[in-house]
Student: 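Questions regarding the structure given below will be posed in turn.
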Number of protein chains: 2
Amino acid sequence: MTTIDDVARAAGVSVSTVSYALSGKRPISAPTRARVERAVRELGYRPHAGARALASQRTNVLALMAPLRVDVNVGVIMQFVTGVVTRARDFEHDVLLLTQDDLAGVDRVAAGSMVDALIMMDVEAEDPRLPLLRRQKQPAVLIGLPRDPQGLSCVDLDFEASARLAVDHLADLGHRQIALVGSPHLVLERRTTYAQRMVHGFTTETARRGIAGLFVPCESSHAGAVDAVDRVFDQLPDVTALVVHNEVALPVVLATLRERGKEIPRDISVVAVCPEDVAVGQQQPLTAVDIPAMTIGSVAVDMAAARLDGDQPAETRLLSPVLTVRASTGPAPA
Amino acid sequence: MTTIDDVARAAGVSVSTVSYALSGKRPISAPTRARVERAVRELGYRPHAGARALASQRTNVLALMAPLRVDVNVGVIMQFVTGVVTRARDFEHDVLLLTQDDLAGVDRVAAGSMVDALIMMDVEAEDPRLPLLRRQKQPAVLIGLPRDPQGLSCVDLDFEASARLAVDHLADLGHRQIALVGSPHLVLERRTTYAQRMVHGFTTETARRGIAGLFVPCESSHAGAVDAVDRVFDQLPDVTALVVHNEVALPVVLATLRERGKEIPRDISVVAVCPEDVAVGQQQPLTAVDIPAMTIGSVAVDMAAARLDGDQPAETRLLSPVLTVRASTGPAPA
DNA sequence: TAATGTCATCGAAGCGCTTCGACGCAACAG
DNA sequence: CTGTTGCGTCGAAGCGCTTCGATGACATTA
């Protein structure tokens with residue numbers, strides 16, 4: 001292994017000069033810096049991460065805790081992760097991946113000084129990780145919105161506003177009976193707040209506009225989706241529009257509607273709440289509220305970075321939803 | 001931060017005694033060990049990862065390079081990752097996540113001594129990462145099979161055998177015209193070997209058994225899947241069985257078959273090659289060759305671990321496929 | 001000419017841990 | 001009673017880096 005000593009010797013300078021030349025934390029004359037850089041290149045020198053972390057109190061790694069279960073929406077998670085990893089590189093950071101259930105992991109990586117900051121996905125209302133996070137010296141960023149975010153940064157799509165946006169779009173088209181096909185029971189029971197916030201926004205907005213609004217949970221399986229559609233028609237026979245907030249179920253819901261003889265958007269309009277690629281990848285392109293998963297991931301990193309060197313206080317950011325009209329919504333049938 | 005010195009002081013022993021008490025690398029008397037452990041508990045001591053890495057040449061972290069693109073099969077990747085992360089914990093290791101395109105990452109984390117070993121997913125025949133990997137001091141495990149694995153451990157499902165298994169199952173049921181609906185063009189062009197191995201196994205086995213075998217690539221989109229089905233009927237009008245090795249397309253292929261008036265398995269049999277949960281989660285449970293993604297991930301970790309402390313030489317392991325008969329295959333129509 | 005200031009560089013301490021060699025002590029053999 | 005062995009513990013070196021204070025060279029000013 002080539003060390004900073006080797007570089008110093010090769011460049012004919014002291015170790016500290018090499019360090020300063022590379023970090024730029026003190027002025028080094030151009031010729032000296034050139035010699036150092038040359039030596040670095042020729043020897044293929046890489047600073048030892050552990051030694052650096054020990055001396056500088058910085059690891060250049062951040063922890064990402066992601067739900068690797070199968071029941072949640074794999075595609076969205078992947079995009080979050082991609083956003084985080086990609087943006088982290090812009091800040092010269094790598095990403096240590098923890099699983100959601102690894103509660104001890106928070107302590108292990110934070111107290112063990114393995115990371116500079118932590119990002120947690122899929123936060124629940126009373127998430128058991130929050131107390132752990134609060135007592136670490138590293139800043140934490142939550143993707144999601146717990147009941148009490150005290151001391152922790154949060155970022156998420158504004159799901160209440162998303163629901164409103166979807167309802168308004170449909171209401172403006174004349175729809176008066178709208179159903180929300182949402183997350184599985186389990187997700188709601190876990191008190192994952194995005195699901196709750198969606199339902200809440202939907203309920204209040206339909207109420208506000210004097211519209212019949214029905215919420216049905218929907219399991220993420222073929223059967224679950226078919227069942228959800230059936231329940232909608234059962235409980236709201238004259239429904240003319242659906243808001244679907246469940247990616248896995250989405251294609252099945254569409255197929256089932258067609259099977260039941262409903263043409264989209266002639267007989268029934270559909271607004272999806274999902275990432276853009278899912279919305280346009282269906283049999284027909286769907287009007288949708290975009291879940292900008294990658295953006296959220298990268299914003300999370302930005303927020304972590306801000307707290308690392310700016311030591312700003314924690315803040316909460318809710319991203320404004322954007323609805324894109326495509327082929328799946330139209331005026332309510334007469 | 002509480003350090004090993006604090007623990008030593010609290011326990012009334014020397015620093016080295018604490019270290020040995022915790023690592024077990026030298027005998028420490030029971031009472032002393034108890035005092036150390038008590039101090040550790042009371043102070044909430046966690047060794048500093050960087051310091052430990054510096055002194056011991058072990059980081060207890062392994063790198064996992066995963067394709068976070070969207071075009072590949074997200075679900076399978078997630079399962080690999082889960083397998084790796086979960087198994088890594090059994091060996092007291094954490095996982096650093098790199099993206100596939102981050103070629104420089106190999107050097108950064110390996111030469112920078114951030115990890116003890118590397119695991120690379122989605123390896124191509126002439127993968128550009130291989131030379132980089134070979135010159136690192138850390139062992140590497142590939143998920144996939146490059147043309148020349150020299151010096152690197154490999155693990156994957158035996159896709160040639162999988163194809164054979166699928167073909168044999170169908171041939172034994174009397175099918176004489178079989179099509180393989182496979183990976184997208186791009187994946188093949190990238191020379192991702194699982195796709196090639198699948199095609200090769202399919203081609204040789206159909207030939208060996210004197211069966212008409214047709215391979216059609218299939219893009220991972222609704223339109224792509226529909227198109228693939230059309231091409232199959234175009235080029236092999238009397239086809240009675242399909243092998244589908246493309247998870248994303250799978251549901252669309254099934255739907256399209258039905259739309260074309262083909263009932264499964266009465267008119268046409270289908271063998272999927274996909275993870276079990278995908279096979280059973282379709283509208284009807286599918287006969288399938290399981291892709292044991294999680295197992296492969298955990299085997300990869302096992303292989304890495306073996307090379308870490310046993311310093312066994314590199315080896316290649318191809319997992320034997322298992323075909324499970326479900327509702328989508330039956331005798332060839334007369 | 002001496003005092004002052006600037007700039008580039010150096011030396012050394014120290015980050016927190018592991019590990020090697022040494023040491024004291026008790027048990028045992030000769 | 002001395003010599004040997006083995007167990008449990010300690011001290012110190014060293015892992016590779018960052019950073020602080022000091023220093024020397026040189027230019028600037030009084």
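Excluded from the calculations below are hydrogen atoms, water molecules and symmetry mates; all remaining heavy atoms, backbone and side chain alike, are included. Throughout, a chain's letter reflects where its sequence line sits, starting with A, and its residues are numbered from 1.
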Student: Specify the residues of residues 27-38 of chain A, ordered by number, for which at least one heavy atom lies under 4.0 angstrom from an atom of DNA chain D.
Tutor: none

Student: Do you know which two heavy atoms are closest between B:P146 and B:V123, and how far apart they sit?
Tutor: CB-CG1, 3.9 Å

Student: Is there side-chain contact between A:L318 and A:L157, with heavy atoms separated by less than 4.5 Å?
Tutor: no

Student: Between B:D158 and B:R197, is there a salt bridge with N-O shorter than 4.0 Å?
Tutor: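 No, this pair does not count.
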
Student: Please report the closest heavy-atom contact between B:S113 and A:M1, naming both atoms and the distance.
Tutor: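 Heavy-atom minimum between the residues: OG-SD, 4.0 Å.
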
Student: Shortest non-hydrogen contact from B:L145 to B:T316?
Tutor: CD1-CG2, 3.7 Å

Student: Applying side chain to side chain donor-acceptor pair (under 3.5 Å) as the test, list every pair that has at least one member in residues 17-28 of chain B; sequence neighbours left out.
Tutor: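 Non-adjacent pairs meeting side chain to side chain donor-acceptor pair (under 3.5 Å): B:S14-B:T17.
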
Student: How does protein reach along nucleotides 17-23 of chain C, written 5' to 3' as B (base within reach of a heavy atom under 4.0 Å), S (only sugar-phosphate), or - (no contact)?
Tutor: BBBBBB-

Student: Can you measure A:L54 atom CG to D:dG14 atom C1' for me and round it to whole angstrom units?
Tutor: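 One finds 12 Å between C1' of D:dG14 and CG of A:L54, rounded.
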
Student: If an axis is fit to five pairs at each end of the helix from C:dT1-D:dA30 to C:dG30-D:dC1, what is the angle between the two, to the nearest 10°?
Tutor: 60°

Student: Does A:R147 use its side chain to pair, donor to acceptor, with the backbone of A:E126 at less than 3.5 Å?
Tutor: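 Between the backbone of A:E126 and the side chain of A:R147 there is no qualifying donor-acceptor contact (under 3.5 Å).
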
Student: Sequence neighbours excluded and cut-off under 3.5 Å, please list the side-chain donor-acceptor pairs for residues 292-304 of chain B, or say none.
Tutor:
residue : atom : partner : partner atom : Å
B:S298  : OG   : B:T295  : O            : 3.3
B:D302  : OD1  : B:R87   : NE           : 2.6
B:D302  : OD1  : B:R87   : NH2          : 3.1

Student: Partners of A:V40 by side chain to side chain contact (heavy atoms under 4.5 Å, CB included), sequence neighbours excluded?
Tutor: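 For A:V40, the residues satisfying side chain to side chain contact (heavy atoms under 4.5 Å, CB included) (neighbours in sequence not counted) are A:V7, A:L22, A:V36, A:Y45.
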
Student: Give the minimum heavy-atom separation between A:V81 and A:M121, together with the two atoms involved.
Tutor: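 Between these two residues, the closest heavy atoms are CG2-SD, 4.3 Å.
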
